[in-house]
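What you are looking at is a predicted structure, and each value in this text was computed from that prediction instead of being measured.
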Amino acid sequence: YQRLGVVMFNLNESKEALKSFRKARELDSSLGHPFVLMARLFAQKGEEKNAKMAFERAYKEDQTDVKVAQAYAEWLIQQDELDEAQEVADTLSDQSPDSIAALLLDGIVSLMRGQRDDAEDALSKVLDINPAHPAATNILALLLIENDENRDRKRALQYAEMNAQRFPQSVQANVTHGWVLYRMNQPAAAQAALQKGAQSGNLPANSAYLVARIMSEQEQQKEQAAATLEQVLKQSKGLFLFRREAQDLLDKLKAELNK
């Protein structure tokens, strides 16, 4: 029924698609909320107004469902509606204070709103529950390496090294490792990690931003850095943690290059 729903949606039969998604969930409660599925399909077509209405309907019907709240909040983040995303994250945290999904979402939204201490606190709570959580350790590595405290920077390296060892084929893990090494003034080791990341596949948005930051600090690579940022800002539709920072850096590079 879920496949049938997608087919009906692509035939512009939205009502029939929704009926199919409802039937699918009746038969298997683990499947996605019907209105979340509709919202994602609308978003893929660029119908953001309809996507918003569908997400709001899903959340109104079942805001205690972690998957529904997470999907809605992530969409809000992609729309740069961070205040609304924080409200969803806060509600989810109140309902499920020990939920990894709730804490991770809270950390991500806090980071994107520039509330780095709150982000670090939420992500650290994730590690209290699961000390090796890959997303939490990756983001914490990126947070902590920006601090001046040597203890924090060592923790950043520890998390980055752990993920690079556990996921040797992961682009994100290797690029994060390379970035942390670069920030710790270990250029040779950083270059090796970055090359390993580049060889593992296409760079996701967050990793591309880190590479662009490194290039932006090399006079002869500023144009390439700007081109990388323009491309990732144009193409990225996923969860781009550093979208605002990427735009700010691009604006700065353009101003320098146009002098």
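Annotation for Leu105 and Ala73: closest pair CD2-CB, 3.5 Å, computed over non-hydrogen atoms. Considering every non-hydrogen atom in both Ala225 and Leu253, the closest pair reads CB-CD1, 3.9 Å. Across all their heavy atoms, Leu229 and Leu250 have their closest contact at CD1-N, 3.8 Å. Residues Ala119 and Gly107 come closest through the heavy atom pair CB-O, 3.3 Å. Nearest heavy-atom pair across Ala101 and Val66 is CB-CG1, 3.5 Å. Nearest heavy-atom pair across Arg116 and Leu142 is NH2-O, 4.1 Å.
Between Ser20 and Arg3 there is no side-chain heavy-atom pair separated by less than 4.5 Å. In this structure, Asn147 and Glu120 have side chains that are in contact, with non-hydrogen atoms separated by less than 4.5 Å. Contact of the Asn163 side chain with the Thr176 side chain is not registered, since no non-hydrogen atoms from C-beta on lie closer than 4.5 Å. Counting heavy atoms from C-beta on, the side chains of Val171 and Pro204 come closer than 4.5 Å. Here the side chains of Thr228 and Val211 are not in contact, with every heavy-atom distance at 4.5 Å or above.
The ring pair (Phe, Tyr, Trp, His ring centres under 6.0 Å) contacts involving residues 151-199 comprise Trp179-Tyr182, where partners must be two or more places apart or lie in separate chains.
Cluster membership check: Val88 does not share its hydrophobic cluster with Val126, using side-chain heavy-atom separations under 4.5 Å among Ile, Leu, Val, Met, Phe, Trp and Tyr. In terms of hydrophobic clustering, with Ile, Leu, Val, Met, Phe, Trp and Tyr side chains grouped at heavy-atom distances under 4.5 Å, Val232 and Ile77 are assigned to a common cluster. Leu249 and Leu143 fall within a single hydrophobic cluster, where Ile, Leu, Val, Met, Phe, Trp and Tyr side chains are chained together by heavy-atom contacts under 4.5 Å. In the hydrophobic clustering of ILVMFWY residues, with side-chain heavy atoms under 4.5 Å counting as a link, Val180 and Leu123 come out together.
Ionic pairing of Glu161 and Lys154 is not present here: no N-O contact between side-chain nitrogen and carboxylate oxygen is shorter than 4.0 angstrom. Salt bridge present: Lys125 and Asp121 bring a charged side-chain N and a carboxylate O closer than 4.0 Å. The pair Arg183-Glu146 counts as a salt bridge, with a side-chain nitrogen and a carboxylate oxygen less than 4.0 angstrom apart. Between Lys60 and Glu56 there is no salt bridge, since no side-chain N of the basic residue sits under 4.0 Å from a carboxylate O of the acidic one. A salt bridge is defined here as a Lys NZ or Arg NE, NH1 or NH2 lying under 4.0 Å from an Asp or Glu carboxylate O, and Arg113 with Asp118 fails to meet this definition. Comment: Lys52 does not engage Glu84 in a salt bridge, judged by the lack of any side-chain N to carboxylate O separation of less than 4.0 angstrom.
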Might you work through the side chain to side chain contact (heavy atoms under 4.5 Å, CB included) test for Met184 and Ile145, ending with a clear yes or no? CA-CA 8 Å; Met184 296 189 77; Ile145 195 59; 3.6 Å; yes
Pair Arg153-Glu149, side chain to side chain contact (heavy atoms under 4.5 Å, CB included): steps then yes or no: CA-CA 6 Å; Arg153 296 168 70 81; Glu149 291 286 338; over 6 Å; no
How far apart are the C-alpha atoms of Gln86 and Asp106, what are their side-chain angles, what is the distance that settles it, and do they pass the side-chain hydrogen bond (donor to acceptor under 3.5 Å, both in side chains) test? CA-CA 7 Å; Gln86 186 67 66; Asp106 190 22; 3.1 Å; yes
Would you list the atom pairs, donor with acceptor, under 3.5 Å between side chains in residues 8-19 and any protein atom, with sequence neighbours excluded?
from	atom 1	to	atom 2	distance (Å)
Asn10	ND2	Val6	O	3.3
Asn12	OD1	Lys45	NZ	3.3

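The local environment of CG in Asp128 is crowded, with over 12 non-hydrogen atoms from other residues, nucleotides or ligands closer than 6.0 Å.
Ring planes of Tyr209 and Phe242: parallel class, angle under 30° (limits at 30 and 60°).
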